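All figures in this text were calculated on a predicted structure; none of them were measured in a lab. When a residue number appears, it is its place in the shown sequence, counting from 1. The analysis underlying the following values was restricted to heavy atoms, covering all of them including side chains, and did not include hydrogens, waters or symmetry mates.
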Amino acid sequence: MNREKLSAWRSWICAELDRSVDFWLTHGMDAENGGVYTCLTRDGTVFSADKSVWMQGRCAWTFAALCRRYGQRPEWLAASRSCLDFLERHCVNREAGGRLYFTVTADGRPLRQRRYCFSEGFYAIANAEYYGQTGERVYLERARKAYQMVYDLNHGAPDPTGLGPKTIPETRAGRALADPMIFLNMTGVLRRTDPAQAALYDRYAAQCVHDIFAYHHKPELQCTLETVGPGGEVQDAYTAGRVVNPGHDIECSWFLMEQANATGDAALHKKALDVFNFAAEAGWDAEYGGLLYFIDCKGLPPEAYEHDMKLWWPHNELLIASLMAYRDTGEEKYLNWFCRGAEYCKTYFADPDFGEWFGYLRRDGRPTEPPCKGSTFKGPFHVPRSLMMADTLLGEILEKKV
């Protein structure tokens, strides 16, 4: 390990974190209606006033998490609270059992409801993290209620929106990796902020781990599949059944590593490393560098047009997972993955002129034109989360190696 090199990377990461946070506080926060705008151009100009409900929850979590990591600052707590208040006033569909919308207008009028329950998941972790900073019980109760709602919906409870499954179940049913992996991450946040219910969280986390490895992880194919049949069947007669999302798998690997470390499960940690290794090796673009967005487990053409683009968030997950693996194992190959990923991010995603990272690159690393810093799916979450966690992990690694 080159201590000077890691210290230099840590300095760059901390500077990028400051620039990311400043970018969103300066350009994203809606002083009139509350909440955050996330459809921002390269220089921070709002190009769509519609608001992503996912991003209200994710932004609220981020600014509360910044307080946890670096100490409370009034502007961070205020940003978190603004998004939470906007969620509560405008984004809960109380006529559909408390489900949350997917998008709303600038002033909070509902635009779109979607069947999957990630809005509720990000609402849950936001309220839990804010409760951890303030101790205000109402936020914990909201987090608990939304958390249980997501669990129930993922396990067969009727959807009060009435939207139904994405495909006709009599023709094709299946499982999505996103359900257990995101719920596992949610569980980690709730377990940390709500230790009184640790037994419940431990039980649900164990079920998530079971579902990931019993159904989605395919060592014989050296991948973890996004979609499988109800019993984990590889549905390789059509493209959706062969999809691998390297970024998802790498993100999943560090969720699993955290769970393994929380429970002292060395066998699970080893399996989590397999998830990382398969995804990083298969997903890295040998010609241009960076992680491909989608690949086909059999090397066939992916259906998604964006399959060979480079998106910001898989690279954020690579920084976290590689450092966590290196911290836990000391194996140099994981440090090499971190350095490779960090160099790519510094070269292509970071923007020294305006701060924050580009969201969408072509395969060769050039930003899509006109470039943007945010969208319905990109806001103050993946970039600051990865930089916060990388700062922490590098600090632990450097201290450990003294």
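- Taking both residues in full, the closest heavy atoms of C67 and W76 are given as SG-CB, 3.6 Å, listed atom of the first, atom of the second, then distance.
- A cation-pi arrangement is absent between K310 and Y293, since the terminal nitrogen or guanidinium carbon is not both under 6.0 Å from the aromatic centre and inside a 45° cone about the axis.
- Taken to the nearest 0.5 Å, the CD1 atom of I13 stands 9.0 Å off from the SG atom of C345.
- Around CD of E95, the count of heavy atoms belonging to other residues, nucleotides or ligands within 6.0 Å does not exceed 12.
- Here the side chain of Q72 pairs no donor or acceptor atom with the backbone of R68 at under 3.5 angstrom.
- The pair E317-R385 counts as a salt bridge, with a side-chain nitrogen and a carboxylate oxygen less than 4.0 angstrom apart.
- With hydrogens and angles disregarded, no donor-acceptor distance shorter than 3.5 Å links the side chain of Q259 to the backbone of A205.
- A donor-acceptor distance shorter than 3.5 angstrom exists from the side chain of T329 to the backbone of E331, with no hydrogens or angles considered.
- Using the six-membered ring where Trp is involved, Y116 and F118 have ring planes that are tilted, between 30° and 60° apart.
- For the residue pair Y131 / D194, no side-chain donor-acceptor distance below 3.5 Å is found, with atom types taken as modelled.
- Taking the ring centre of W24 as origin, the terminal cationic atom of K373 falls outside the region bounded by 6.0 Å and 45° from the ring axis.
- Within a 6.0 Å sphere centred on CD of E4, heavy atoms belonging to other residues, nucleotides or ligands number 12 at most.
- The shortest side-chain heavy-atom distance between W357 and S20 does not fall under the 4.5 Å cut-off.
- Side-chain atoms of H155 and Q207 include a donor-acceptor pair closer than 3.5 Å.
- Shown are L225, T224, D236, V243; of these, the side chain to side chain contact (heavy atoms under 4.5 Å, CB included) with C297 is made only by L225.
- If you check the side chains of Q113 and T161, you find no donor sitting under 3.5 Å from an acceptor.
- Note that R340 lies in the cation-pi zone of W337, set by a 6.0 Å cut-off to the ring centre and a 45° limit from the axis.
- Pairs engaging residues 232-265 under the ring-ring contact (aromatic ring centres under 6.0 Å, His included) rule: H248-W313 [sequence neighbours left out].
- In the model, Q148 has a side-chain atom that pairs as donor or acceptor with a side-chain atom of D152 under 3.5 Å.
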- request: Would you sort out whether V209 and L268 count as a side-chain contact (heavy atoms from CB on, under 4.5 Å), showing the intermediate values?
  value: CA-CA 9 Å; V209 171; L268 174 58; 3.6 Å; yes

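- A donor-acceptor contact shorter than 3.5 Å is absent between the side chain of T227 and the backbone of A176.
- If you take CE on M389 and CG on L394, they are separated by 11.5 Å, rounding to the nearest 0.5 Å.
- Summarising the geometry of A279 relative to D249, their closest heavy-atom pair is CB-CB, 3.5 Å, with the distance given to 0.1 Å.
- By the 30° and 60° cut-offs, the orientation of the rings of Y204 relative to Y151 is parallel.
- With contacts defined as side-chain heavy-atom distances shorter than 4.5 Å, the pair V21/L66 qualifies.
- No donor-acceptor contact under 3.5 angstrom links the side chains of S48 and Y37, judged on distance only.
- For R362 and D364, the salt-bridge test fails: no basic side-chain N is under 4.0 Å from an acidic carboxylate O.
- Between F102 and F377, the ring planes lie tilted relative to each other; the angle falls in the 30° to 60° range.
- A donor-acceptor pair shorter than 3.5 Å cannot be found between the side chains of D211 and H216.
- At a threshold of 4.5 Å between non-hydrogen side-chain atoms, the residues L291 and I250 count as touching.
- A donor-acceptor contact shorter than 3.5 Å links the side chain of T62 to the backbone of P380.
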- prompt: Given the rule in the side-chain contact (heavy atoms from CB on, under 4.5 Å) test, do V383 and F23 qualify, once you have shown the distances and angles that lead to the verdict?
  reply: CA-CA 12 Å; V383 173; F23 182 91; over 6 Å; no

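- Using modelled atom types, one side-chain atom of S7 and one backbone atom of R3 make a donor-acceptor pair closer than 3.5 Å.
- C339 SG to E332 CD: the interatomic distance, rounded to the nearest 0.5 Å, is 9.0 Å.
- With values rounded to the nearest 0.5 angstrom, K271 atom NZ is found 8.0 Å from D265 atom CG.
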message: If you apply the rule ring pair (Phe, Tyr, Trp, His ring centres under 6.0 Å), what do you find for F278 with H217, and how did you get there?
response: CA-CA 10 Å; F278 291 158; H217 187 58; 5.8 Å; yes

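- A salt bridge does not link E369 with R42: every distance from a Lys NZ or Arg NE/NH1/NH2 to an Asp or Glu carboxylate oxygen is 4.0 Å or more.
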field: F122 and L100: CA distance, side-chain angles, deciding distance, side-chain contact (heavy atoms from CB on, under 4.5 Å) verdict
entry: CA-CA 10 Å; F122 303 134; L100 273 74; over 6 Å; no

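- Y288 does not carry R363 over the face of its six-membered ring by the limits of under 6.0 Å from the centre and within 45° of the normal.
- Ring-centre distance between F349 and F358: not below the 6.0 Å cut-off.
- In terms of modelled atom types and a separation under 3.5 Å, the side chain of T38 and the main chain of G379 share no donor-acceptor contact.
- Looking at F63 and C59, their side chains come closer than 4.5 Å, going by heavy atoms from C-beta outward.
- H307 is not listed as a side-chain neighbour of P301, based on a closest heavy-atom distance of 4.5 Å or more.
- Electrostatic pairing of R81 and E88 does not count as a salt bridge here, judged by no charged N lying under 4.0 Å from a carboxylate O.
- Listed for the H315 side chain is a donor-acceptor partner under 3.5 Å among the backbone atoms of L311.
- A salt bridge between R19 and E16 is present, with a side-chain N of the basic residue lying under 4.0 Å from a carboxylate O of the acidic one.
- Looking at V92 and L87, their side chains never come closer than 4.5 Å, going by heavy atoms from C-beta outward.
- In this structure, E258 CD and S253 OG are separated by 10.5 Å, a value rounded to the nearest 0.5 Å.
- Taken to the nearest 0.5 Å, the OG1 atom of T134 stands 9.5 Å off from the CG atom of N127.
- When each of R142, R114, K145, R99 is checked for a salt bridge (Lys or Arg N to Asp or Glu O under 4.0 Å) with E120, only R99 meets the rule.
- Considering only heavy atoms from C-beta on, M29 comes within 4.5 Å of C83 through its side chain.
- By the side-chain contact (heavy atoms from CB on, under 4.5 Å) test, Y305 is found to be paired with no residue, residues two or more places apart in sequence or in another chain being considered.
- With hydrogens and angles ignored, the 3.5 Å screen pairs a side-chain donor or acceptor of D43 with a backbone N or O of T45.
- Side-chain contact between E396 and L393: present, with at least one pair of heavy atoms (C-beta onward) separated by less than 4.5 Å.
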task: Take N185 and M181 through the test side-chain contact (heavy atoms from CB on, under 4.5 Å) and record every step on the way to the result.
output: CA-CA 7 Å; N185 180 243; M181 66 168 277; over 6 Å; no

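- Side-chain atoms of K400 come within 3.5 Å of backbone atoms of R327 as a donor-acceptor pair (strictly under, hydrogens ignored).
- A side-chain N or O of Y334 and one of N277 form a donor-acceptor pair less than 3.5 Å apart.
- Within 6.0 Å of CD on E303 lie no more than 12 heavy atoms contributed by other residues, nucleotides or ligands.
- Ring centroid separation for the pair F381 and W54 does not come in under the 6.0 Å cut-off.
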